[in-house]
Amino acid sequence: MARMRIASVSKAVELGPADLPEPREPWPEELPALNPRERKPLAIALLVSCLIHALLLSLAIGGHGPGLPGFAFPWEERRIQVPDLRVVIVPARVPPAPAVTPPATEPPPLRSVKPPPVPPVEPRPVPQVEQRPVPPVETPPPPVEPPPVARGPTATAPTPPAPATEPKPAVVDVAPAEPPAQAPAVPPAPAAVIAIAPSASVPERATPALADAGLEAQRQADRLEAARVEAARIEAEREQAARAEIARLEAERLEAERLEAERLEAQRLEAQRLEAQRLEAQRLEAQRLEAQRLEAERLEAQRLEAERLEAQRLEIARQEAARVEAARAQADRARAARLEAERLEAERQAAARLEAERQEAARQAAAAQLEAEQREAAREEAARAEAARLDAERQEAAGRAAAAQLQAQRLELERREAERAESARLEAARLEAARQEAARLEAARLEAARQEAARLEAARLEAARQEAARLEAARLEAARQEAARLEADRQEAARLEAARLEAARLEAARLEAARLEAARLEAARLEAARLEAARLEAARLEAQRQEAERLAAARQEAARLAAEKQAEEERREAARRAYGRQLDEEAARREAAARATSTLPLSLSTARRVRLWGRTDPNAELIQYAEAWARKIHFNTPIDLVRQIATRPHTTPMVTVAVRSDGSIESVTFHLSSGVAEIDEEVRRIVHSHANYPAFPPALARDYDVIEIRRTWYFQDAVRLY
């Protein structure tokens, strides 16, 4: 039984240069770095894999006679070393090797083994591999056939003598088969020369049958050819799968790019819509602020006008009251003049006395405040001096006790620092409170002065209140003098008894005079109240008269505004009727054009139309064309013209523009007019000035002849179409 082992280099021999796998990156770049804890299971798995592969590599392929080959372990029977199998690929153009000299045992003639036909293989790109000549294999001289040795368990192989002649090695010539016509890309199988190099040891059966060798060579060639064909098939399948994967990845990439482009376009459109909304909101906010400003100015003008009218009314009422008072008091002018002179003198004296008292009170208040501030400053200075003295005493005491109580000194210093900080904080708070109190007092003083001025002004305007204030001042003065007198009487009761009695008599006379004066003043006050009531009644009548005049003027103004509004409505209605007639004429022209099918071109008569009344449509190309059309108007309209239109009051127009497939304008139709004929004409002029527009894309041109685009026109910093 002949046995052989296939070396690991057989795979490199079986595969040609075209079947070599593509180079790959080394494993360390493909695998991530592992920590020692993860490497331990991998090391165990590698060791187990190496053991399994070693066991598989130790299997032997052989058989006993005819039949299928089987597997056997090397330790099941005795073995000796056999020559290694060496396979050399010879190119097809090399002529067959010369005949091999048969050995001494006269083996049967060799026969050519034709490999099985190769199935057709799909052509594939073959990498350029440098073709290097295969060096000839140095075949060691075969050993001389030893004499037959008896078999037995203890038989050993004798050492062969030195050969007299060096015979050539046995060579199995396998003739290459004809290459199939359907697979021109696969190179023909070269002839294989199998050289079996003998080793130093002699096998158990020294002269195997040449038929077995030829059969083994044929099987080996069949296996090599089958392996090559299988490798070519696997490689073709792998390349086909790779091409399919590349095509799939390319399709996915194109789909992702398309989706990304659609997403970016949607984002751009959304950004444009948001920008338009923001600009519209800014415009509306500016309009609202302008309206508020105008309304505030109007209200302020109305208020000023009302104040002016009220001042005029008061002045007229005052003059009317003065005239009535003069007419009523003409009969008693002398007495009224005397009373008026006395009253004015009394008022002047009272005002002078009150002014003197107010100035005295203000001076005393200022002096008291200054004295209080000085006392406060002296108290603060004394407090600071006391605090400094106490601080010095504490520091001196702490210095005396520093040698024995260092820790106590530190704590005492910290406590003193906290006390100083607290005292400073309290001092600052007190100063702040004093400042606030001073400010409050100053504000109160100013408020009192303002109130006093207001009171004096009111006393000057109203006689009754002035009289009451004067009487109250007289009463207070009398009370103050009485208190002083009583105090003086109590202090000098014994010595001034007679003077007290005289003073009492004088005081009684004075009180009687004061009572009489009070009665006279009360009568004057009542008279003044009566005069004031008459003046107020006259003022009320005058106010009613002026209110009636104002209401009449307001009614006249309302009637005038209503007439202007009605005239404006009639003008707008006339403009609407004019636009209606224009639209009717355009519709009539379109109907006449539709009826005249024999004379009009295709785009006007039997045109295939599509209407785009919004910014959404299932046809994406239609949306893109409408956006391109709107962008051309947006970017090419002069800014000065847009600003001039925006400054004029108008209604936002809604316009439908019909565009032919060649980019020309078929018609411009107003669904909602701006209310100003010049602005509508400017819109028409803008649409026609930018023609011709881009022609329809091929896909749109196949389906439509005319596209009707309806948009609302906003005039801001540019033309905005929504």
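The residues of the chain are indexed from 1 along the displayed sequence.
The shortest side-chain heavy-atom distance between L721 and V655 does not fall under the 4.5 Å cut-off. Counting only heavy atoms from C-beta outward, the side chains of V610 and L700 never approach each other to under 4.5 Å. E275 has its side chain out of reach of Q272: every pair of non-hydrogen atoms, C-beta onward, lies at least 4.5 Å apart. You'll find the side chain of I633 reaches within 4.5 Å of the side chain of Y693, heavy atoms only. In this structure, the side chains of W629 and L612 stay at 4.5 Å or more apart for every pair of heavy atoms. For the pair Q582 and F670, the minimum side-chain heavy-atom distance is 4.5 Å or more. For the pair I316/Q546, a side-chain contact is recorded, criterion being any heavy-atom separation below 4.5 Å from C-beta on. Between E265 and E262, the closest side-chain pair of non-hydrogen atoms is not below 4.5 Å.
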Given side-chain contact (heavy atoms from CB on, under 4.5 Å), test N692 with D662 step by step and report yes or no. CA-CA 8 Å; N692 279 337; D662 59 351; 5.6 Å; no

Would you check, one step at a time, whether the test side-chain contact (heavy atoms from CB on, under 4.5 Å) holds for Y625 with N619? CA-CA 10 Å; Y625 183 81; N619 193 341; over 6 Å; no

Can you list the steps and then say if T669 with R710 is a side-chain contact (heavy atoms from CB on, under 4.5 Å)? CA-CA 9 Å; T669 305; R710 178 179 295 182; over 6 Å; no

Verify side-chain contact (heavy atoms from CB on, under 4.5 Å) between H688 and V668, making sure each step is shown before the conclusion. CA-CA 9 Å; H688 287 285; V668 178; 3.9 Å; yes

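The two residues A463 and A528 make their nearest non-hydrogen contact at CB-CB, 3.6 Å. Nearest heavy atoms, F696 versus A701: CB-N, 3.9 Å. Annotation for A658 and V706: closest pair CB-CG1, 3.9 Å, computed over non-hydrogen atoms. Contact detail for S661 and Y704: the closest heavy-atom pair is CB-O, 4.4 Å. Looking at every heavy atom in both residues, P697 comes nearest to E621 through CB-OE1, 4.4 Å. Q716 and A646 make their closest contact through O-CB, 4.4 Å (heavy atoms, listed as atom of the first residue, atom of the second, distance).
In this structure, the separation between CZ on R550 and CZ on R555 is 10.0 Å, given to the nearest 0.5 Å. From T712, atom OG1 reaches atom NE2 of H671 across 10.0 Å, with rounding to the nearest 0.5 Å. Expressed to the nearest 0.5 Å, how far CD1 of I246 lies from CZ of R248 amounts to 11.0 Å. Note that the OG1 atom of T656 and the CD1 atom of I707 stand 13.5 Å from one another [nearest 0.5 Å]. Between L561 atom CG and Q556 atom CD the span is 12.0 Å, to the nearest 0.5 Å. Atoms CZ and CZ, from R238 and R243 in turn, are 10.5 Å apart once rounded to the nearest 0.5 Å.
Summarising the local packing, CG of L264 is surrounded by more than 12 heavy atoms from other residues, nucleotides or ligands at distances under 6.0 Å. Under a cut-off of 6.0 angstrom, the local environment of CD in Q644 is sparse, with at most 12 non-hydrogen atoms contributed by other residues, nucleotides or ligands.
Ion pairing between a basic and an acidic side chain is recognised when a charged N comes within 4.0 Å of a carboxylate O; R233 and E237 show such pairing. Taking 4.0 Å as the cut-off between side-chain N and carboxylate O, K565 and E569 do not count as a salt-bridged pair. Look at E678 and R648 and you find a salt bridge, because one of the NZ, NE, NH1 or NH2 atoms lies within 4.0 Å of a carboxylate O, short of that distance.
Partner W713 forms a side-chain contact (heavy atoms from CB on, under 4.5 Å) with one of I645, I686, L672 and no other, that one being I686. Of the candidates R608, R660, R609, R608 is the only one forming a salt bridge (Lys or Arg N to Asp or Glu O under 4.0 Å) with D705.
Scanning for side chain to side chain contact (heavy atoms under 4.5 Å, CB included) contacts around R631 gives R268, E627, A628, F635, with sequence neighbours left out.
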